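A quick write-up on the structure given underneath.
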Protein chains: 2
Amino acid sequence: MTLTNNTFTGEYAYSLDSKGRINIPAKFRQSLSDDNEGTFVIARGMDSCIWVYPLIQWKEIESNLRNLSSLSKINRTFVRNTARYASPSTYDKQGRIILTPSLIDYAGLDKEVLIVGMVNKIEIWDPATLAETDQQNMEIDPAAYDELAKQIIL
Amino acid sequence: MTLTNNTFTGEYAYSLDSKGRINIPAKFRQSLSDDNEGTFVIARGMDSCIWVYPLIQWKEIESNLRNLSSLSKINRTFVRNTARYASPSTYDKQGRIILTPSLIDYAGLDKEVLIVGMVNKIEIWDPATLAETDQQNMEIDPAAYDELAKQIIL
DNA sequence: TAAAATTGTGGGTAGTAGTGGGTAATATTC
DNA sequence: GAATATTACCCACTACTACCCACAATTTTA
């Protein structure tokens with residue numbers, strides 16, 4: 001049983017091989033709707049991780065970027081920073097996508113890797129980096145956190 | 001796998017040869033729709049880089065320029081500055097386009113070159129110049145940048 | 001419980017991509 | 001018109017990548 005299409009939950013410990021390939025958990029692939037043509041787009045995450053979008057999800061972002069006028073400097077910077085590290089990756093017969101050296105470096109990935117479902121996208125983390133990030137997030141304002149929870153959780 | 005037609009993402013380290021030729025990444029060429037007939041238009045970028053447009057994209061700009069009345073001085077200046085350094089370039093059997101000496105000089109290009117996908121166009125940079133530009137862009141108002149991100153990123 | 005299918009991981013290989021240089025055709029100059 | 005320079009087209013080499021097969025471990029099915 002899978003959740004709604006293009007919805008990802010759960011955490012998986014997988015490994016990155018010497019060719020920069022990483023397996024996408026079977027459950028995630030099964031959740032991916034056919035119009036994605038087995039393709040994800042990998043990009044820099046806002047934390048020190050890699051964001052993996054289903055293709056059609058990325059196309060929305062792409063469309064937003066396309067509408068930004070290049071006459072404004074901040075727009076050019078934003079488009080550059082976003083597009084620069086993004087690249088499509090179709091999984092092979094074994095269900096693996098290829099990560100770029102640039103993104104592997106950005107996320108500080110070694111062989112052991114954590115794959116985290118983020119509902120509409122997927123995150124790829126170095127285990128130690130994620131643990132550190134968890135620690136730092138303890139400092140988030142508990143009241144604001146609770147307020148958010150109230151709106152979301154039933 | 002390629003994204004939508006005429007969409008460019010990712011960063012590539014390529015080299016400019018002694019004849020002023022530079023390879024267009026295979027992924028970019030594959031993304032180029034057939035009605036471009038393998039042709040790009042190179043022009044001065046707004047930062048110190050070269051902008052490379054798919055031909056049909058440039059034709060839109062050209063059409064906009066055509067509609068500017070030459071009666072206004074500012075219009076004449078704008079048209080002149082835009083058209084002056086623009087020239088079409090069809091890639092050869094190896095996938096290379098030829099840059100003009102004027103544009104190579106403008107972007108301060110040496111042998112090592114960075115090619116950056118900017119969604120609807122391509123930028124060609126000198127690595128050091130791009131690094132400087134990145135530094136300068138750190139000074140952009142973070143609030144405005146975040147606001148932009150909120151609207152674009154999913 | 002046994003058999004079959006699926007999943008995650010590793011590695012080999014043919015074809016392609018990026019780079020450099022040569023030569024013929026064209027244009028330019030004297 | 002001849003000599004020179006410039007451009008366009010062609011060929012060749014190397015490195016890498018996309019694709020293929022293999023296998024162990026786990027899960028599903030009968």
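Every value quoted in this text rests on a predicted model; they were computed, and no experiment measured them. Numbered from 1 within each chain, the chains take letters A, B, ... in sequence-line order.
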> Base, sugar-phosphate, or nothing: which does B/Asn23 touch, judged by heavy atoms less than 4.0 Å apart?
Replying inline: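 Base contact - B/Asn23 has a heavy atom under 4.0 Å of at least one base atom.
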>> By the 4.0 Å heavy-atom rule, please label B/Ser18 as base, sugar-phosphate, or nothing.
In response: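 No contact at all - B/Ser18 keeps every heavy atom at 4.0 Å or more from the nucleic acid.
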>> Looking at A/Arg80 and B/Asp47, is there a salt bridge between them, counting it only when a charged N and a carboxylate O are closer than 4.0 Å?
In response: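 So B/Asp47 pairs with A/Arg80 through a salt bridge.
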>> Whether A/Lys59 and A/Asp35 form a salt bridge (side-chain N of Lys/Arg under 4.0 Å from carboxylate O of Asp/Glu) is what I want to check.
In response: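 Answer for the salt bridge query: no.
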>> Donor-acceptor check, side chain of B/Ser89 to backbone of B/Ile98, threshold 3.5 angstrom: yes or no?
In response: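 Side chain of B/Ser89 to backbone of B/Ile98: a pair is present.
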> Is a side-chain donor or acceptor of A/Asn6 paired with a backbone partner of A/Ser33 at a separation under 3.5 angstrom?
Replying inline: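 Here the side-chain-to-backbone pair exists.
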>> If I compare all heavy atoms of B/Val41 with all of B/Ala86, which pair ends up nearest, and what's the gap?
In response: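 Smallest interatomic distance, heavy atoms only, reads CG1-CB, 4.3 Å.
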> When you measure from every atom of DNA chain D, which of residues 83-95 of chain B have a heavy atom less than 4.0 Å away?
Replying inline: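 Output list: B/Lys93, B/Gln94.
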For residues 143-151 of chain B, tabulate all N or O donor-acceptor pairs below 3.5 Å that involve a side-chain atom, not counting sequence neighbours.
{"residue": "B/Tyr145", "atom": "OH", "partner": "A/Asn81", "partner atom": "ND2", "Å": "2.9"}
{"residue": "B/Glu147", "atom": "OE2", "partner": "B/Gln151", "partner atom": "NE2", "Å": "3.4"}

> Which listed nucleotide (D/dA18, D/dC10, C/dT7) is nearest to the side chain of A/Arg29?
Replying inline: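 For A/Arg29, the side-chain atoms sit closest to C/dT7.
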>> Counting only side-chain heavy atoms from C-beta out, which of C/dG21, C/dG11, C/dA17 sits nearest to A/Arg96?
In response: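 Out of C/dG21, C/dG11, C/dA17, the nucleotide with an atom closest to A/Arg96's side chain is C/dG11.
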Can you tabulate the close N/O pairs, meaning under 3.5 Å, that link protein atoms to atoms of nucleotides 22-26 of chain C?
{"residue": "C/dG22", "atom": "O6", "partner": "B/Lys19", "partner atom": "NZ", "Å": "2.2"}

> Do the rings of A/Phe8 and A/Phe40 sit parallel, tilted or perpendicular, given the 30° and 60° boundaries?
Replying inline: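 Plane angle between 30° and 60°, so tilted.
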> CD of B/Glu123 to CG of B/Leu114: how many Å apart, nearest 0.5 Å?
Replying inline: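 So the CD of B/Glu123 and the CG of B/Leu114 are separated by 11.0 Å.
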